[in-house]
Amino acid sequence: MERHYVRAVYKTGVYLAELLEEQPDHQRALVKVAAVLKHPMQGDLHQPKEADVPLFHQRKALAEFEKTWVPLSSMKPYEGEIPSYQESLKAAFEKELANCQQLDSEWARKCEEKLKECAKEYGW
């Protein structure tokens, strides 16, 4: 069976994933994570870039081979090389951390702190 890969957005992360199942009636698809393109943003999704929120969330990237439902509208076909999960996670993480370190705000400092917690959980 031929595998079909997609670029899929899940919350604030972006992934390369294998398309497993589509449910057009529910406007969603089941995907299996293969690589990370963009690490999820830290903090409150409903109040982005705000530091003074009731709960400042830590968000790790979806795990390799993790399955999740994504909206059909968030997917695009992907053809090309699939990088290794670990290399892609590290690159996406470092880019997100660098973005936070360039900003001078309380939100950016909190993001950096949460990302460093993620790094420990990733085993780095």
Side-chain angles (χ1 to χ4, degrees):
M1 185 170 96
E2 187 179 337
R3 292 181 179 185
H4 294 282
Y5 286 91
V6 294
R7 179 187 178 278
V9 177
Y10 180 78
K11 297 191 178 176
T12 61
V14 181
Y15 303 89
L16 294 178
E18 182 181 352
L19 178 59
L20 300 177
E21 178 185 340
E22 285 187 71
Q23 291 185 345
D25 293 350
H26 298 289
Q27 292 296 304
R28 67 183 190 168
L30 183 63
V31 298
K32 182 168 74 171
V33 174
V36 183
L37 293 178
K38 182 189 175 301
H39 194 279
M41 193 168 75
Q42 307 303 296
D44 188 333
L45 293 181
H46 303 289
Q47 298 177 68
K49 299 200 176 183
E50 290 293 324
D52 189 17
V53 294
L55 181 58
F56 198 92
H57 295 270
Q58 175 210 48
R59 288 198 175 71
K60 294 191 307 185
L62 294 176
E64 185 175 22
F65 309 124
E66 185 170 348
K67 295 175 185 173
T68 192
W69 292 99
V70 297
L72 290 176
S73 61
S74 80
M75 288 187 340
K76 292 181 181 164
Y78 180 82
E79 290 187 23
E81 291 293 311
I82 305 288
S84 88
Y85 176 83
Q86 287 301 324
E87 288 174 12
S88 69
L89 173 62
K90 188 87 166 165
F93 173 86
E94 288 172 356
K95 185 174 181 183
E96 188 71 15
L97 184 60
N99 287 343
C100 291
Q101 290 171 335
Q102 289 176 0
L103 301 173
D104 183 25
S105 69
E106 183 62 26
W107 174 81
R109 284 184 281 284
K110 282 187 169 186
C111 283
E112 190 174 344
E113 183 181 303
K114 293 296 183 187
L115 284 167
K116 288 178 178 175
E117 289 174 15
C118 287
K120 286 180 187 170
E121 292 183 35
Y122 295 148
W124 301 333

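Note: hydrogens, waters and symmetry copies are ignored here, and every other heavy atom, side chains too, is used.
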CZ (Phe65) with more than 12 external heavy atoms under 6.0 Å: no

How long is the straight-line distance from CG of Leu55 back to CD of Gln47, given to the nearest 0.5 Å? 11.0 Å

If hydrophobic clusters are built from ILVMFWY residues whose side chains come within less than 4.5 Å, do Val33 and Leu16 share one? no

Between Leu89 and Trp124, is there a side-chain heavy-atom distance shorter than 4.5 Å? yes

In terms of heavy-atom contacts, Leu62 and Tyr85 come closest through O-OH, 2.5 Å

Cluster question for you: counting only ILVMFWY and a side-chain heavy-atom cut-off of under 4.5 Å, with indirect links fine, are Phe56 and Leu45 together? no

Are there more than 12 heavy atoms of other residues, nucleotides or ligands under 6.0 Å from atom CD of Gln86? yes

If two hydrophobic side chains count as joined below 4.5 Å and joins carry through other members, does Phe93 share a cluster with Leu37? no

Taking the side chain as every heavy atom from C-beta outward, state whether Glu22 and Leu72 have any pair of such atoms under 4.5 Å apart. yes

Residue pair Glu66 / Ala63: nearest heavy atoms and the distance that separates them: OE1-N, 2.8 Å

Is a donor on one side and an acceptor on the other found under 3.5 Å between the side chain of Thr12 and the backbone of Pro40? no

Asp44 CG to Arg59 CZ distance, which is reported to the nearest 0.5 Å: 7.0 Å

NZ of Lys11 to OG of Ser74: how many Å apart, nearest 0.5 Å? 13.0 Å

Does any non-hydrogen side-chain atom of Cys118 lie less than 4.5 Å from one of Lys60? yes

Closest approach of Ala34 and Tyr5, non-hydrogen atoms and distance? CB-CE2, 4.1 Å

Side chains of Met41 and Glu96: closer than 4.5 Å at any heavy-atom pair? yes

Tightest non-hydrogen contact, residues Glu21 and Gln23, listed as OE2-NE2, 3.0 Å

Report yes if some heavy atom in the side chain of Tyr15 is under 4.5 Å from a heavy atom in the side chain of Val31; otherwise report no. no

So how far is it from Lys116 NZ to Cys100 SG, rounded to the nearest 0.5 Å? 10.5 Å

Using a strict 4.0 Å threshold on nitrogen-to-oxygen distance, state whether Glu106 and Arg109 make a salt bridge. yes

Test item: Tyr122 side-chain N/O and Ala61 main-chain N/O as donor-acceptor pair under 3.5 Å: yes

Do Trp107 and Leu115 belong together in a cluster built from hydrophobic side chains that touch within less than 4.5 Å? no

How close do Gln58 and Gln42 get, counting heavy atoms only, and between which atoms? CA-OE1, 3.2 Å

Is it the case that one hydrophobic cluster holds both Tyr10 and Val14, taking links as side-chain heavy atoms less than 4.5 Å apart, direct or via other members? no

Can you tell me how far CD of Glu18 sits from NE2 of His4, rounded to the nearest 0.5 angstrom? 9.5 Å

Least distance between heavy atoms, Leu19 atom then Ala29 atom: CD1-CB, 3.7 Å

Validation row: Asn99, Cys111 side chains within 4.5 angstrom (heavy atoms): no

Met75 vs Val9 side-chain heavy atoms within contact, under 4.5 Å: no

